[in-house]
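Notes for the one structure printed next.
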Amino acid sequence: MNAGICADRRPPRLGVNIDHIATLRQARRTVEPDPVWGAALAELGGADLITVHLREDRRHIQERDVRILRETVQVPLNLEMAVDPEITAFARKCAPHQVTLVPEKRAEVTTEGGLDVIGQLPRVRDCINQLNEDGLVVSLFIDPDERQIEASAALGVPAVELHTGRYADAKTPAEQVAELDQLTKAVNFAHERHLAVHVGHGLTYRNVSPVAAIPLVEELNIGHSIVARSLMVGFKEAVAEMKRLIDLARMRGF
Ligand code: PXP
């Protein structure tokens with residue numbers, strides 16, 4: 001079955017990244033707010049999957065969160081992680097529904113740029129092989145770049161997540177149109193290589209619609225903007241608002 005043709009007609013999935021609920025908790029090293037509660041509210045708001053990033057420095061999500069979420073979340077759990085032996089071992093024990101491999105630098109504020117699959121081929125391949133031994137579904141978070149997409153397809157992963165940071169950071173409407181065009185071409189290029197296409201990073205209530213309207217995008221992972229809005233309107237409502245925008249954009253073709 002060609003997954004893309006089906007995805008064309010269906011609204012894309014919304015993956016709600018709950019890392020920054022944990023960021024607030026870790027600011028005081030206390031027990032609240034609990035991202036596990038956030039995940040339950042996200043599901044009530046219409047989240048199609050829950051996404052968490054277990055960073056090497058544990059600045060937000062902790063192992064405890066992933067373990068409990070794995071037990072409690074009713075939609076699929078997507079674990080973002082670096083190509084790192086310790087975290088790979090943890091992922092294999094936890095068995096999330098999907099693992100997204102991301103690059104990681106300790107000093108960065110957030111994930112800057114996609115994984116350099118070409119530059120780190122042996123490490124990435126070894127990590128994927130280990131995760132595949134336990135039957136885990138692996139997606140690679142990469143820039144919307146044809147060479148990185150080719151390299152990902154050659155590794156046999158079923159999905160890639162294209163980094164939308166350059167689109168989100170565009171300073172002028174013309175720049176934004178150019179980045180959207182490049183993203184759309186990359187989505188089509190990946191789809192032609194039989195990869196399911198996910199997108200994420202820097203997407204907000206203001207800029208999400210053109211990306212959600214790209215026909216072959218199957219999944220959007222969004223965190224900071226939803227958590228920020230939830231402080232004003234509550235988490236369930238913030239998720240529901242984002243879900244409505246995405247569904248509408250796909251229905252109307254933006
Ligand atoms: N997708 C991936 C792979 C990410 O690393 C992140 C940031 O953790 C996101 C999506 C969500 O980005 P944002 O918080 O900017 O919505």
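Note that the structure is a prediction, hence the values are computed from the model and not measured.
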Could you tell me whether [X] and [Y] have a side-chain N and a carboxylate O separated by less than 4.0 Å?
X: Arg10; Y: Glu218; result: no
X: Arg25; Y: Asp65; result: yes
X: Glu241; Y: Lys236; result: no
X: Asp48; Y: Lys243; result: yes

Answer whether the closest heavy-atom distance between the side chains of [X] and [Y] falls below 4.5 Å.
X: Gln98; Y: Pro76; value: no
X: Asp143; Y: Leu162; value: no
X: Val137; Y: Val99; value: no
X: Asn221; Y: Asn17; value: no
X: Tyr167; Y: His201; value: no
X: Gln26; Y: Gln62; value: yes
X: Leu220; Y: His198; value: no
X: Leu49; Y: Leu77; value: no

- Query: Do Asp126 and Gln130 have side-chain N/O donor and acceptor atoms under 3.5 Å apart?
  - Reply: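 Result is yes, a qualifying pair exists.
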
For [X] and [Y], indicate whether the former's side chain and the latter's backbone hold a donor-acceptor pair under 3.5 Å.
X: Asp19; Y: His53; value: yes
X: Thr23; Y: His60; value: no
X: Glu219; Y: Leu14; value: no
X: Asp134; Y: Leu136; value: no
X: Glu175; Y: Lys171; value: yes
X: Arg123; Y: Val83; value: yes
X: Glu104; Y: Met81; value: no
X: Asn207; Y: Gly202; value: yes

- Query: To the nearest 0.5 Å, what is the distance between CZ (Arg252) and CZ (Arg250)?
  - Reply: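 Reported value, rounded in 0.5 Å steps: 15.0 Å.
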
Going only through I, L, V, M, F, W and Y residues with side-chain contacts under 4.5 Å, is there a path from [X] to [Y]?
X: Leu245; Y: Val233; answer: no
X: Val199; Y: Ile246; answer: yes
X: Phe141; Y: Ile18; answer: no

- Query: What orientation do His224 and His20 show, parallel under 30°, tilted 30 to 60°, or perpendicular over 60°?
  - Reply: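 His224 vs His20 ring planes: perpendicular.
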
- What heavy-atom pair brings Leu101 and Ala82 nearest, and what distance separates the two atoms?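 So the minimum-distance heavy-atom pair works out to CD2-O, 4.4 Å.
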
- Query: If you take all heavy atoms of Ala190 and Val197, which pair is closest and at what distance?
  - Reply: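 In this case the closest contact between Ala190 and Val197 is CB-CG2, 3.8 Å.
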
- Message: As a quick check of understanding, evaluate salt bridge (Lys or Arg N to Asp or Glu O under 4.0 Å) for Glu80 and Arg55, giving each step before the final call.
- Response: CA-CA 8 Å; Glu80 293 175 3; Arg55 291 189 73 103; over 6 Å; no

- With Gln148, which of Asp116, Leu115, Leu140 fulfils side chain to side chain contact (heavy atoms under 4.5 Å, CB included)?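 Only match with Gln148 under side chain to side chain contact (heavy atoms under 4.5 Å, CB included): Asp116.
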
- Item | Stacked cation flag Arg193 on Phe189, 6.0 angstrom / 45 deg |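 Output yes; distance and angle both within limits.
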
- Message: Are more than 12 heavy atoms, taken from residues, nucleotides or ligands other than Arg64, located less than 6.0 Å from that residue's CZ atom?
- Response: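 Atom CZ in Arg64 is crowded, with more than 12 foreign heavy atoms closer than 6.0 Å.
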
- Task: Check whether more than 12 heavy atoms from other residues, nucleotides or ligands sit under 6.0 Å from atom CZ of Arg92, and answer yes or no.
- Result: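 Enclosed.
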
- Query: Going through the distances and angles, do Val187 and Leu216 end up as a side-chain contact (heavy atoms from CB on, under 4.5 Å)?
  - Reply: CA-CA 7 Å; Val187 169; Leu216 296 166; 3.8 Å; yes

